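Input: a single structure, listed below in structure tokens.
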Amino acid sequence: MIENQNIRPAQVIGPLGEPLTLESLPPIGTTRWVVRRKAEVVAAVNGGLLSVDEVCERYSLTLEEFASWQRAIDRSGMPGLRVTRIQHYKSLYERQQKF
């Protein structure tokens with residue numbers, strides 16, 4: 001019976017070390033995605049505050065878009081989420097994979 005219950009934390013630790021709650025996440029329908037907001041949403045999913053499906057629905061994101069944020073953070077941390085740096089970090093990561 002317990003396995004069927006959704007147990008979620010009330011808060012998780014955000015990308016800058018601050019506590020994140022559902023209320024402190026970016027507003028529903030956010031369309032301007034700065035690095036901090038992307039990182040907060042990824043931290044919320046990683047901490048179990050929201051599921052991937054809930055995030056995609058809440059913010060009208062595709063699964064691929066959210067997954068790219070997760071990969072960027074895994075590979076390069078928060079700087080990897082900068083749109084202007086995507087190509088730089090992508091080529092750096094590809095070069096690292098060759099060696």
Side-chain angles (χ1 to χ4, degrees):
M1 192 67 136
I2 293 176
E3 356 11 277
N4 293 332
Q5 295 177 355
N6 272 340
I7 300 174
R8 294 182 184 214
Q11 65 182 23
V12 297
I13 302 301
L16 302 176
E18 78 289 0
L20 282 178
T21 63
L22 287 175
E23 293 77 32
S24 65
L25 286 174
I28 295 173
T30 296
T31 56
R32 185 170 180 270
W33 287 102
V34 296
V35 171
R36 180 187 48 80
R37 288 180 183 162
K38 291 176 186 179
E40 286 175 346
V41 171
V42 171
V45 170
N46 290 345
L49 196 58
L50 289 170
S51 71
V52 174
D53 292 335
E54 290 169 327
V55 163
C56 290
E57 183 177 330
R58 181 179 176 125
Y59 298 112
S60 300
L61 301 172
T62 64
L63 183 58
E64 293 78 16
E65 186 174 18
F66 178 76
S68 73
W69 295 357
Q70 282 186 313
R71 279 192 308 273
I73 286 180
D74 290 344
R75 290 179 181 171
S76 308
M78 284 181 61
L81 291 171
R82 291 184 59 143
V83 173
T84 57
R85 300 297 286 176
I86 288 175
Q87 289 296 46
H88 170 73
Y89 286 111
K90 182 178 176 184
S91 64
L92 180 65
Y93 177 75
E94 289 170 352
R95 279 185 277 158
Q96 288 173 345
Q97 294 301 322
K98 290 180 184 178
F99 301 105

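Worth saying up front: this structure is predicted, and the values here are computed from it rather than measured.
Listed by chain and number, the residues in a side-chain hydrogen bond (donor to acceptor under 3.5 Å, both in side chains) with Gln70 are Asn46 (sequence neighbours excluded). Evaluation of the side-chain contact (heavy atoms from CB on, under 4.5 Å) rule for Ser68 yields Arg71 as partners, not counting sequence neighbours.
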Problem - Full working for side-chain contact (heavy atoms from CB on, under 4.5 Å) between Lys38 and Ile73 - result: CA-CA 10 Å; Lys38 291 176 186 179; Ile73 286 180; over 6 Å; no

Handout entry: side-chain contact (heavy atoms from CB on, under 4.5 Å) between Val42 and Leu81, worked out
Key = CA-CA 11 Å; Val42 171; Leu81 291 171; 5.7 Å; no

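For the residue pair Pro9 and Val12, the shortest heavy atom distance occurs at CG-CG1, 3.8 Å. In plain terms, the two heavy atoms of Thr30 and Arg37 that are nearest each other are CG2-NH1, 3.8 Å.
No continuous path of ILVMFWY side-chain contacts below 4.5 Å connects Ile13 to Leu25, so the two sit in separate hydrophobic clusters.
A donor-acceptor contact shorter than 3.5 Å links the side chain of Tyr59 to the backbone of Pro26. Under the 3.5 Å distance criterion, the side-chain polar atoms of Glu18 are matched with a main-chain donor or acceptor of Leu16.
Among residues at least two apart or in separate chains, salt bridge (charged side-chain N to carboxylate O under 4.0 Å, His left out) pairs with a member in residues 54-66 are Arg8-Glu54.
With rounding to the nearest 0.5 Å, the separation of OG1 in Thr31 from CG in Leu61 is 11.0 Å. Rounded to the nearest 0.5 Å, atoms CG (Leu22) and CG (Leu49) are 4.5 Å apart.
Leu20 has its side chain within reach of Pro15: a pair of non-hydrogen atoms, C-beta onward, lies under 4.5 Å apart.
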